[in-house]
Amino acid sequence: MGRPFLKMNGLGNQFVVVQAQDEPFDPSPDEVRAINDHTPYDQLISIEPSRSPGAAAFVRFWNNTGEEVGACGNGTRAVAWLLMEAGRNDAVTFATEGGLLSGERAGDHVVRVDMGEPRLRWDQVPLAEEMDTRGIELQIGPIDAPILHTPGAVSMGNPHVVFFMDREPDDALVRGAGSLIEHHPLFPEGVNVGFAWPKAQDRIRLRVWERGAGLTKACGTGACAALVACARRGLTGRRATMELDGGELTIEWRESDGHVIMTGPIELEFTGRL
Ligand SMILES: N[C@H](CCC[C@H](N)C(=O)O)C(=O)O
């Protein structure tokens, strides 16, 4: 009988969450993939004992293809909710590879998380060469659609490239261009590929081909990256409603401290055993 897990989602971004406070959990890439075979998910998440004062836990994320990653925005909301429920608190801080994150309740099964500052230097995304991350030069082989010119590049603790659309991003484009760009040599660590259509100063339609997970129903760090990329190009303000396939997130790139604040729902679906 395997260890228990929680099946959760954030706007349809699917998670398997393992509590590792009492029993270590250090899965190999094969084990990460095997869990996905057993219970399909986008990201696997573990909640470990804290390694630093002021943090309630240390949290790790893996894509379903097996590699560990430094950030997962929707997963951060799910973990913050679990930790607040467990501690009967209305706010919580925890550590990840990508840095310290804090969350607070913002309604029933709605969580607001501070995702910290976006990293905007070329070598922080990272890119393979120095470029202006407001608009990078990216040649994508056979595809030469004008909308694919000069996307923005941002890290939220994980790498993102954001294309600026003037219409609904269709499946063929998101899957075709996304899968091509995910492993493009300009991104030494791979990249999450966002397609953002700024519909108004405070509203962006977004679809994301995720590194290591493909087209998901929502991508929290992708929503943060897209808002920052659009604001840097003057296409939107610093606060917007993000329309993802799975629903809406509110993102604000705060003037006061440059932190990116994300608010949205989470859902606990069922418990199971690995
Ligand atoms: N695929 C991402 C990790 C999960 C991001 C996404 N699920 C989110 O909500 O931020 C990466 O490889 O960096």
Side-chain angles (χ1 to χ4, degrees), residues 4-22 25 41-63 68-118 155-158 208 210 213 216-225 227 239 241-242 244 246-254 257-271:
F5 69 84
L6 301 172
K7 180 69 179 55
M8 302 184 74
N9 77 79
L11 295 179
N13 192 189
Q14 302 292 331
F15 307 117
V16 163
V17 184
V18 173
Q19 305 271 16
Q21 281 102 332
D22 305 325
F25 178 67
Y41 63 81
D42 296 321
Q43 279 80 37
L44 173 64
I45 300 174
S46 76
I47 303 175
E48 300 183 352
S50 175
R51 304 176 184 174
S52 49
F58 185 81
V59 178
R60 298 169 70 187
F61 306 102
W62 294 263
N63 283 320
E68 188 167 357
V69 292
C72 176
N74 289 316
T76 297
R77 286 204 317 283
V79 167
W81 185 81
L82 287 174
L83 291 171
M84 288 189 283
E85 288 293 291
R88 300 211 193 312
N89 301 321
D90 291 334
V92 69
T93 295
F94 57 90
T96 68
E97 285 300 340
L100 269 185
L101 301 172
S102 57
E104 60 185 13
R105 290 185 196 280
D108 177 34
H109 289 79
V110 178
V111 180
R112 178 176 304 111
V113 292
D114 178 341
M115 296 298 289
E117 292 186 67
S155 169
M156 289 304 300
N158 57 349
V208 181
E210 284 197 30
T216 59
K217 289 202 175 308
C219 180
T221 52
C224 297
L227 183 272
R239 179 186 175 85
T241 299
M242 313 300 287
L244 295 138
E248 295 189 348
L249 283 173
T250 303
I251 308 287
E252 177 183 5
W253 184 16
R254 219 163 35 196
D257 59 2
H259 284 211
V260 183
I261 311 301
M262 168 185 14
T263 305
I266 61 101
E267 185 182 348
L268 173 55
E269 298 169 28
F270 59 84
T271 60

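Model, not experiment: these values are computed from the prediction.
A heavy-atom distance below 4.5 Å is found between the side chains of Gln43 and Asn63. Counting heavy atoms from C-beta on, the side chains of Met262 and Thr76 never come closer than 4.5 Å. Residues Val260 and Pro118 meet the side-chain proximity criterion, which asks for heavy atoms closer than 4.5 Å. You'll find the side chain of Arg60 reaches within 4.5 Å of the side chain of Ser46, heavy atoms only. Under the 4.5 Å side-chain criterion, counting only non-hydrogen atoms from C-beta, Thr93 is in contact with Leu100. Between Val79 and Met8 there is no side-chain heavy-atom pair separated by less than 4.5 Å. No side-chain heavy atom of Ile266 sits under 4.5 Å from any side-chain heavy atom of Phe15.
The environment of Lys217 atom NZ is sparse: at most 12 non-hydrogen atoms of other residues, nucleotides or ligands sit within 6.0 angstrom. Counting heavy atoms of neighbouring residues, nucleotides and ligands inside a 6.0 Å radius, atom CG of Asp22 does not exceed 12 of them.
The main-chain N or O of Phe58 is never found under 3.5 Å from a side-chain atom of Arg51 such that the two would form a donor-acceptor pair. Between the side chain of Arg77 and the backbone N or O of Val110, no donor-acceptor pair lies under 3.5 Å. Without hydrogens or angle criteria, Trp62 side chain to Val69 main chain gives no donor-acceptor distance under 3.5 Å. Within the 3.5 Å criterion, the main-chain N or O of Ala55 finds a donor-acceptor partner in the side chain of Ser50.
The two residues Pro49 and Gln21 have their closest heavy-atom pair at CG-O, 3.4 Å. When all heavy atoms of Ala20 and Phe25 are compared, the pair lying nearest together is CB-CB, 3.7 Å. The shortest heavy-atom contact between Leu11 and Pro265 is CD2-CG, 3.4 Å. Here the closest heavy-atom approach between residue Cys219 and residue Leu244 is recorded as N-CD2, 4.0 Å. Nearest heavy-atom pair across Ala80 and Val113 is CB-CG1, 4.2 Å. Counting all heavy atoms, side chain and backbone alike, Ala218 lies closest to Gly10 at CB-O, 3.9 Å.
In this structure, the separation between CE on Met115 and OG on Ser102 is 10.0 Å, given to the nearest 0.5 Å. Rounding to the nearest 0.5 angstrom, the gap separating the CH2 atom in Trp81 from the NE2 atom in His109 is 4.0 Å. To the nearest 0.5 Å, the span separating CD1 on Ile261 from CZ on Arg112 amounts to 8.5 Å. For the atom pair CG of Leu6 and CG of Leu82, the computed distance is 5.5 Å after rounding to the nearest 0.5 Å. Remark: Leu83 CG to Asn89 CG distance equals 9.0 Å, nearest 0.5 Å. Remark: Phe270 CZ to Lys7 NZ distance equals 5.5 Å, nearest 0.5 Å.
A salt bridge links Asp114 with Arg254: the closest approach of a Lys/Arg side-chain nitrogen to an acidic carboxylate oxygen falls below 4.0 angstrom.
Residues satisfying the ring pair (Phe, Tyr, Trp, His ring centres under 6.0 Å) criterion with His259, sequence neighbours excluded, are absent altogether.
If you check the side chains of Asn158 and Thr221, you find a donor sitting under 3.5 Å from an acceptor.
Shown are Thr216, Asn13, Asp42; of these, the side-chain hydrogen bond (donor to acceptor under 3.5 Å, both in side chains) with Asn74 is made only by Asn13.
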